[in-house]
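In listed order, ligands and their atoms are each counted from 1. For the numbers below, each heavy atom of this structure counts, side chains included, while hydrogens, waters and symmetry mates do not.
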Amino acid sequence: MPLQPLTLITICCFSFAFSVDVRSRVDCSPDPHSLNEQKCKSRGCVWEFPQVDAPKETPPCYFPSTTGYVKTKDLGNGVLVLEKQNGPLNPFGADISPLKLKTHYIGSTFELSIGNDDRYIPPLNLPKEQPNDNSDPLDFQETSGTNGTFTFQMIRRSTGRIIWDTSIGGLLFADQYIQIATLLPSTNIFGFGEHVHKTLKHDMTRYTTWPMFATGFPPDSGSQLSTHPLYGVHPFYLCIEPDGKTHGVLLLNSNAQEVTLGPAPHLVYRTIGGQLDFVFFAGPTPEAAIQGYLSYIGKPFLPAYWALGYQLSRWGYQGVDEMKTVIRRNQAAGIPLDVAVADIDYMSTYEDFTEGEKWSTFPEYAQELHSQNVNLILIFDPAIEVDYDTFQRAINQNVSFVEWPRFDQVPTKIQDQYPLAKNTKMMLGNVWPERNVAFPDFLDPTNKTELWWIDEFRRFHDMLPYDGIWIDMNEPENFQTGTLKGNNSNGKTLQCIVDGIDGKFDNPPYETKAVYDGFDPFLASKTLCLNGLSIRGTNNLYNTKSLYGWSESRATAKAHQSAIKKRGAVISRSTFVSSGRYTGHWLGDNVARWEDLRTSVIGVIEFNFFGIPYVGSDICGFTGVTWEELCLRWHQMGAFHSFSRDHNMHYMPAQDPAVWPSVTKAAKIALTFRYRYLPYLYSLHYRASTIGSTVVRPLFFEFSSDSETFSIDRQFLWGKALMIAPALDPGIDSVHAYFPDDLWYSLQDETYGKIIPPGYNDVPAKNDTLTPVFARGGYILPRQTPSTTTKESRNNPFELLVTVGQNSISEGELYYDDGVTQFDSIDQNPHFSFNFTYSYSRTAASLNARWSTSISNYTLPTLDIIDIVGYDYTPDFNSFYLNGKRININIQTSSYSPFTRRLFISTKNLIDMNAESTTLAWSHKAV
Ligand SMILES: *[C@@H]1O[C@H](CO)[C@@H](O)[C@H](O)[C@H]1NC(C)=O
Ligand SMILES: *[C@@H]1O[C@H](CO)[C@@H](O)[C@H](O)[C@H]1NC(C)=O
Ligand SMILES: *[C@@H]1O[C@H](CO)[C@@H](O)[C@H](O)[C@H]1NC(C)=O
Ligand SMILES: *[C@@H]1O[C@H](CO)[C@@H](O)[C@H](O)[C@H]1NC(C)=O
Ligand SMILES: *[C@@H]1O[C@H](CO)[C@@H](O)[C@H](O)[C@H]1NC(C)=O
Ligand SMILES: *[C@@H]1O[C@H](CO)[C@@H](O)[C@H](O)[C@H]1NC(C)=O
């Protein structure tokens with residue numbers, strides 16, 4: 001039996017014939033209430049209590065490897081028929097048999113599905129494009145498991161590496177319980193979401209189950225291990241194989257589901273609906289695996305340029321005046337600031353598309369912000385109170401809302417209070433508004449719901465000109481969902497049906513560890529009842545609930561387009577596979593704690609894997625009272641997340657950077673650096689939108705042959721060329737950071753241009769200087785002299801940072817457009833796309849700037865500064881030629897130091913960026 005790795009079957013030899021190594025079990029009692037020997041054996045499973053030194057959470061009851069199906073037919077075209085013949089039965093429902101296993105290539109991307117023709121498939125409309133890199137494909141190979149059980153392997157053709165091997169057994173398929181298990185080629189497993197992960201690389205020394213189901217549960221970074229599912233669902237992982245090659249795997253399923261990672265190393269997938277649709281992305285580099293994934297699911301939207309500016313938010317502004325005061329004091333303190341954000345306070349009794357009493361001058365204030373080049377982002381919740389004009393218009397337009405399957409299930413006592421909802425099957429709930437709400441069905445296949453939603457944003461924008469949209473509560477969250485039939489005393493609680501056949505969806509035979517390990521007694525706790533109907537009454541939330549935020553995001557991105565008619569940004573709390581096409585994300589309601597600062601580094605990296613690079617955490621922490629040192633360090637780090645926003649909880653003391661002089665100073669330094677490098681960050685987002693690359697990435701993406709990088713999760717990269725090693729602990733003034741084998745130049749003032757040697761180094765991380773940031777040799781990073789808004793920064797001269805690498809050429813690129821024009825096709829949008837090349841010999845150096853695309857109709861500022869680090873020659877400032885013509889360099893503002901090895905060329909109007917190709921050449925001699 002070809003098992004990988006081969007060390008697997010070392011301690012066998014229990015008397016039972018099908019005894020499996022304690023490290024590679026497939027749990028037969030994932031439902032904790034059935035955990036006893038008798039129940040275990042009645043399921044046809046093996047009961048064998050793990051010894052004390054067994055891996056943590058080793059299941060005592062496990063499926064024998066004969067669990068599964070038998071192949072009975074090969075229909076050709078990659079279709080096999082599987083039938084249930086023997087082995088243990090599905091413990092949670094009748095086995096479905098026969099099943100079809102289908103395989104299909106899209107370039108080197110490989111789809112494998114197990115199901116049958118009438119199973120639910122998430123209606124995502126994915127582009128499914130083939131990857132750019134198809135160089136190193138994977139093969140599917142049937143194998144025969146124990147006792148004739150059908151099993152298969154996925155194998156990397158070039159190396160013969162087995163990356164999936166289902167000989168571990170465990171394939172089960174009932175209507176509400178589907179399971180598959182596989183051995184993995186290494187313990188280097190990353191991804192799955194959304195959860196709090198305390199480490200980027202999963203701990204494969206133990207058994208850990210990660211449920212995935214969209215919930216309103218906030219991240220709990222404080223505990224040692226919190227596996228509770230959070231707002232979004234991303235059943236995607238990356239695996240670095242033992243030789244450094246990397247693949248990715250997606251399970252495309254939107255039911256409540258979970259993955260158990262185990263020490264074989266292996267994984268077990270369980271889902272309680274739909275079917276098994278796996279997609280394998282061949283890599284062979286981590287970046288290529290993600291690009292393959294995003295070609296398949298869709299590439300992220302390009303945010304407006306200003307949306308990469310700093311954002312200031314809080315919940316609990318008492319009115320426009322308080323918001324003004326806070327924004328103003330930060331502007332006065334010189335904090336770079338592009339966005340003012342209003343939470344639900346601005347609404348009248350928390351109803352969407354309304355303004356509260358103390359906000360009557362909000363429209364004027366929005367204009368005032370615009371005159372200061374500041375943009376406004378507003379929050380909106382999906383649920384609509386069922387008694388005001390927005391809802392009336394929905395009724396008039398035959399909008400679809402989530403509804404009960406039958407009239408007799410509708411709690412009429414509640415429904416009848418509302419003339420507009422009376423005699424409908426709408427499933428009413430309660431969120432922030434005072435009275436009951438209904439939940440728009442954004443999966444409505446007639447576009448009535450979407451058109452109404454778009455229209456509401458348009459109407460509201462006519463009153464209050466906002467620039468970006470923040471959507472919250474869209475798992476969807478509902479307060480006070482109970483499970484007793486009937487009404488409670490305040491007439492508010494939504495009661496789900498859990499008994500009998502009608503309780504099939506709210507009380508399924510297996511509920512996943514979202515319930516068993518969590519705090520909620522039912523899957524529907526804090527959300528709508530899962531028997532609720534969506535897709536205009538045709539499918540249950542049981543299947544579609546985790547798509548609620550995804551579908552709202554799709555509709556809201558269109559609403560943004562239609563209302564604002566410019567690019568901006570939408571950010572969403574709940575996300576699903578491919579949400580990045582429509583929205584960004586913030587990591588939710590974190591806590592002002594060091595642990596939350598640390599896990600946000602990991603969360604942001606993971607959302608880049610998931611194709612949602614416009615992501616960040618609430619700087620300083622959302623709940624809890626933050627403090628000066630934490631808020632300072634969080635600003636220093638958060639300045640390096642694409643979505644960079646300080647946000648604060650109701651009733652908590654103010655935590656904007658102007659509150660403490662030390663935070664003001666640190667935030668100014670970090671954000672000014674960010675604003676200087678925005679052309680680089682924006683170009684990375686352009687790359688993400690066009691080829692599906694990551695923006696923030698872990699070190700192993702660039703150094704996958706260096707296994708030390710696999711566990712580095714306190715540092716991250718911006719693209720290939722910038723490394724950030726933020727301070728994430730109290731009371732420190734240096735960071736112990738890892739430098740992979742390459743040239744790394746410090747960009748901190750005190751040591752600017754200094755090379756940091758490879759390996760671990762303690763680098764200064766003071767609280768009144770720049771965060772440790774390093775540029776990698778061999779690159780050119782576009783910059784722009786910063787101002788305190790992106791609008792003003794965009795009028796300033798361009799600059800280039802050139803880092804000399806291990807050979808004599810450095811390269812870089814710049815994507816630049818007007819930052820706000822909407823486009824259907826990024827290629828058609830007026831823009832400049834530059835390539836920069838720097839090269840040198842013993843006697844001369846040259847820098848070339850060339851645009852490959854310019855269909856732009858506006859004029860770019862000039863390039864005035866070229867900042868070269870690692871420069872080992874003495875330049876002749878009198879030898880500069882621009883396109884073959886002698887020019888004068890301003891030697892007052894330019895300099896060279898042989899000690900810092902930095903050549904700084906600064907001359908007003910040095911290079912006209914509107915020219916197609918410019919070459920600056922000069923002579924130098926050895927120092
Ligand atoms: C092995 O297969 C035979 C014939 O299909 C069946 O009778 C037997 O129960 C199987 N054994 C196990 C352990 O599944
Ligand atoms: C509203 O839409 C439903 C389909 O979901 C349709 O049956 C019904 O006739 C429509 N009602 C009106 C008033 O158009
Ligand atoms: C909405 O659907 C109708 C009917 O299918 C179609 O005519 C219309 O163009 C659609 N509108 C939009 C904005 O998609
Ligand atoms: C900043 O660092 C200095 C020196 O380590 C320390 O005395 C001071 O308390 C720190 N300030 C904050 C706000 O953490
Ligand atoms: C610019 O660089 C890209 C990627 O490196 C390359 O595909 C393209 O051909 C280059 N364009 C020009 C005009 O040099
Ligand atoms: C550039 O073109 C866009 C449309 O592509 C247009 O909206 C904009 O006004 C134009 N700008 C100038 C300066 O002509």
Side-chain angles (χ1 to χ4, degrees), residues 123 330 333 335 384 386 390-407 410 419-427 438-455 532-541 544 551 555 592-598 619-621 624-639 646 648 653-671 725-737 748-751 762-772:
N330 285 277
I335 305 289
I384 301 297
V386 292
T390 287
F391 187 70
Q392 175 74 65
R393 283 189 290 270
I395 297 295
N396 296 349
Q397 293 167 39
N398 204 0
V399 163
S400 175
F401 286 89
V402 173
E403 60 182 21
W404 294 95
R406 296 194 312 268
F407 274 106
V410 176
L420 292 172
K422 199 175 171 178
N423 304 322
T424 73
K425 288 188 291 178
M426 281 177 205
M427 185 176 278
F439 293 77
D441 167 24
F442 295 105
L443 291 170
D444 176 8
T446 79
N447 51 23
K448 293 196 175 78
T449 305
E450 192 171 277
L451 290 176
W452 158 76
W453 188 246
I454 291 170
D455 189 51
L533 295 178
S534 70
I535 320 192
R536 205 166 264 269
T538 61
N539 212 308
N540 297 93
L541 286 185
T544 63
S551 58
R593 264 189 315 222
W594 291 103
E595 292 91 330
D596 293 67
L597 171 61
R598 284 176 213 130
I619 292 175
C620 304
V625 179
T626 198
W627 61 96
E628 185 175 353
E629 185 187 10
L630 180 68
C631 192
L632 188 159
R633 293 308 197 180
W634 215 317
H635 271 96
Q636 287 184 324
M637 191 280 295
D646 180 334
N648 193 3
Q655 60 181 33
D656 50 284
V659 170
W660 301 276
S662 69
V663 182
T664 306
K665 182 170 186 194
K668 253 165 91 167
I669 293 170
L671 291 168
L728 305 172
D729 299 292
I732 57 172
D733 53 24
S734 70
V735 166
H736 191 61
Q748 294 180 287
D749 283 341
E750 311 78 354
T751 50
D762 289 318
V763 291
K766 299 216 176 81
N767 59 28
D768 58 357
T769 61
L770 180 65
T771 319

Between the side chain of Q392 and the main-chain N/O of L420, is any donor-acceptor distance below 3.5 Å? no
Looking at non-hydrogen atoms alone, which of D441, V399, N398 comes nearest to atom 12 (C) of ligand 2? N398
Verify atom 10 (C) of ligand 4: protein non-hydrogen atom under 4.0 angstrom away: yes
Element-labelled atoms of ligand 4 that are located less than 4.0 Å from some non-hydrogen atom of E628: 13 (C)
Are the side chain of T664 and the backbone N or O of A333 linked by a donor-acceptor pair below 3.5 Å? no
Quick check: does any side chain N or O of W452 sit under 3.5 Å from a backbone N or O of T390, one acting as donor and the other as acceptor? yes
Kindly indicate whether atom 7 (O) of ligand 2 is approached by any protein heavy atom to under 4.0 angstrom. no
Any idea which protein heavy atom is nearest atom 5 (O) of ligand 2, and the distance to it? R536 NH1, 2.9 Å
Please report which non-hydrogen protein atom sits nearest to atom 1 (C) of ligand 4, along with the residue it belongs to and the distance in Å to one decimal place. N767 ND2, 1.4 Å
Can any side-chain N or O of E629 pair as donor or acceptor with the backbone N or O of N767 at less than 3.5 Å? no
Flag, side chain of D441 to backbone of I535, donor-acceptor distance under 3.5 Å: yes
Contact (N/O only, under 3.5 Å) between S662 and ligand 4: no
Backbone of A670 reached by a side-chain donor or acceptor of Q636 within 3.5 Å: no
